[in-house]
Asks: 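To start, I am sharing the structure in question, which I have written as structure tokens.
Proteins come first, then strands; the chains are lettered A, B, ... in the order of their sequence lines, and each starts at number 1. Nothing here was measured: the structure is a model prediction, and the numbers come from that model.
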Number of protein chains: 2
Amino acid sequence: MTRAPSSKPYHHGELREALVSAGRKLLEERGIRGFTLRECARRASVSHAAPAHHFASIDDLLAEIATRGYQELTAAMEAEARRAATPAARLVAQGVGYMAFAAAHPVLFQLMFGREANRFETPGLAAAAKSAYHLHVVAVEGVIPKAPLEVKQRMVDFAWASIHGFITLVLEGQIGDEDSPRALKARGLAMLAAMVETVVRAGGDP
Amino acid sequence: MTRAPSSKPYHHGELREALVSAGRKLLEERGIRGFTLRECARRASVSHAAPAHHFASIDDLLAEIATRGYQELTAAMEAEARRAATPAARLVAQGVGYMAFAAAHPVLFQLMFGREANRFETPGLAAAAKSAYHLHVVAVEGVIPKAPLEVKQRMVDFAWASIHGFITLVLEGQIGDEDSPRALKARGLAMLAAMVETVVRAGGDP
DNA sequence: ACCTGAACACCGTTCAAGT
DNA sequence: ACCTGAACACCGTTCAAGT
């Protein structure tokens, strides 16, 4: 069997990090139902009881993974947004970033937005989720700065719902299951275009 | 139908049905991660090995539950659609039916549209899912009958995505967590109104 | 402070044996 | 044909004991 250098230290040192990163990989491999704490411990080369010293429960580890997912989602949206020249382009770009992140980490995405996460109640999780939400608010605000507050709020709902709904249905195989990746991407962009148009129009009648 | 057995019969008689209905209740109570075959068996007053004679695996039972969910979802959408006077009203009504179903059975809805269901591959499941999808197609078709096929397809994506995305985000507590039920319903209806308007506009030329 | 090993009460699934 | 009980290999969580 493979051995660590000369002697395996009794203390891991960075077990918390190791569990998070092992857990993340495991999640994508096996799905939410296939996720187990003992397998995470195994992958971190540690006894099955060790994780308890860093996470109060399996849900605690999942919550930490979800929290980091939100941070990455936010970063992915911001990275795309930076390249956009106009407010409308930014709204689309953020949608692209959102969808690309979801497509790259489908199970993590489902964990973040699934009902299981609802029970976690870790404070950091809610905060991280909020910062991703905030990007939608800012982007819509940029497109229709002069619209009444209520209209803006409705358009945030609308923009987020259509972005989230589309990629969710794709990940679940309900949309575009027979499409090529290229065709599917085009469908997504068409969806985003229709969405932005609606937001722009809701902003005011020139 | 209810016969009072003086002694508990060795054969259950309707175990398959009993497992499905017990499973459905258990699902809503405990969530997807909390769902166990043994608890279903317990609630059906049967040994933990008995379900194996009716379902090849726990996923098989979940797939059956999901399949029936799609049938009910379709029925709920149709029931709402029947009251609609115009094609546009029908599209909205189906959206209302869709959201109401999801709100009434949040965990079942997540099971149906979650990634877990993707692995099931039961033929009946795909068929049931398709019939729900078909209703969206018909409704959009009714609103913009003369539009090019491609536009229609894009608008089906768009309509479904916004309906699905909105209610999904609500169920996950991401939208309207601090709203009253009344206010939340209004947000949903506003979303549907914006959606229909976009579809109508896509159909008729400027 | 951090980790282990044993223990406990659970799982899903299988299968010979009962009805 | 349908169901049971025992068995197996897993779980999450706890805790005294080791380092």
Asks: Given the side-chain rings of A:Phe158 and B:Phe158, with only the six-membered ring counted for Trp, is the space between their centroids under 6.0 Å?
Replies: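 Ring centres of B:Phe158 and A:Phe158 closer than 6.0 Å.
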Asks: Dot-bracket for DNA chain C: what is it, with Watson-Crick or G-U pairs under 3.5 Å, [ ] where a pair crosses earlier ones, and | for a pair to another strand?
Replies: ||.|||||...|||||.||
Asks: Over 60° means perpendicular and under 30° means parallel, so tell me whether A:Phe113 and A:Trp160 are parallel, tilted or perpendicular.
Replies: perpendicular
Asks: Heavy-atom contacts under 4.0 Å between residues 17-43 of chain B and DNA chain D, which residues?
Replies: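 Close to the strand, none.
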Asks: Going by an N to O cut-off under 4.0 Å, is there a salt bridge joining B:Glu141 and B:Lys152?
Replies: yes
Asks: Parallel under 30°, tilted from 30 to 60°, perpendicular over 60°: which one fits the rings of A:His164 and A:Phe109?
Replies: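 Tilted.
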Asks: Between A:Glu116 and A:Arg33, is the closest basic N to carboxylate O distance under 4.0 Å?
Replies: no
Asks: With sequence neighbours excluded, what pairs up with A:Ala100 under the side-chain contact (heavy atoms from CB on, under 4.5 Å) test?
Replies: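 In terms of side-chain contact (heavy atoms from CB on, under 4.5 Å), with neighbours along the sequence ignored, A:Ala100 is linked to no residue.
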Asks: Can you check the B:Arg16 CZ to D:dA1 P distance for me, whole Å?
Replies: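 To the nearest whole Å, that distance equals 16 Å.
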Asks: For residues 182-192 of chain A, which residue pairs pass the side-chain hydrogen bond (donor to acceptor under 3.5 Å, both in side chains) check, not counting sequence neighbours?
Replies: A:Asp179-A:Arg187, A:Arg187-B:Asp157
Asks: Is a salt bridge present between B:Lys25 and B:Glu29, judged by a nitrogen-to-oxygen distance below 4.0 Å?
Replies: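 B:Glu29 and B:Lys25: not salt-bridged.
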Asks: Salt-bridge test for B:Glu80 and B:Arg90: reply yes if a basic N is under 4.0 Å from a carboxylate O, no otherwise.
Replies: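 The answer is no: the pair does not qualify as a salt bridge.
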Asks: Can you list, in residue-number order, the parts of residues 48-56 of chain A that come under 4.0 Å of DNA chain C, counting heavy atoms only?
Replies: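 Within residues 48-56 of chain A, the residues near DNA chain C are A:His48, A:Ala49, A:Ala50, A:His53, A:His54.
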Asks: Expressed in angstrom and rounded to an integer, what is the separation of B:Ile58 atom CD1 from C:dG12 atom P?
Replies: 4 Å
Asks: Not counting sequence neighbours, which residues clear salt bridge (charged side-chain N to carboxylate O under 4.0 Å, His left out) with A:Glu14? List them please.
Replies: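 For A:Glu14, no residue satisfies salt bridge (charged side-chain N to carboxylate O under 4.0 Å, His left out) once neighbours in sequence are set aside.
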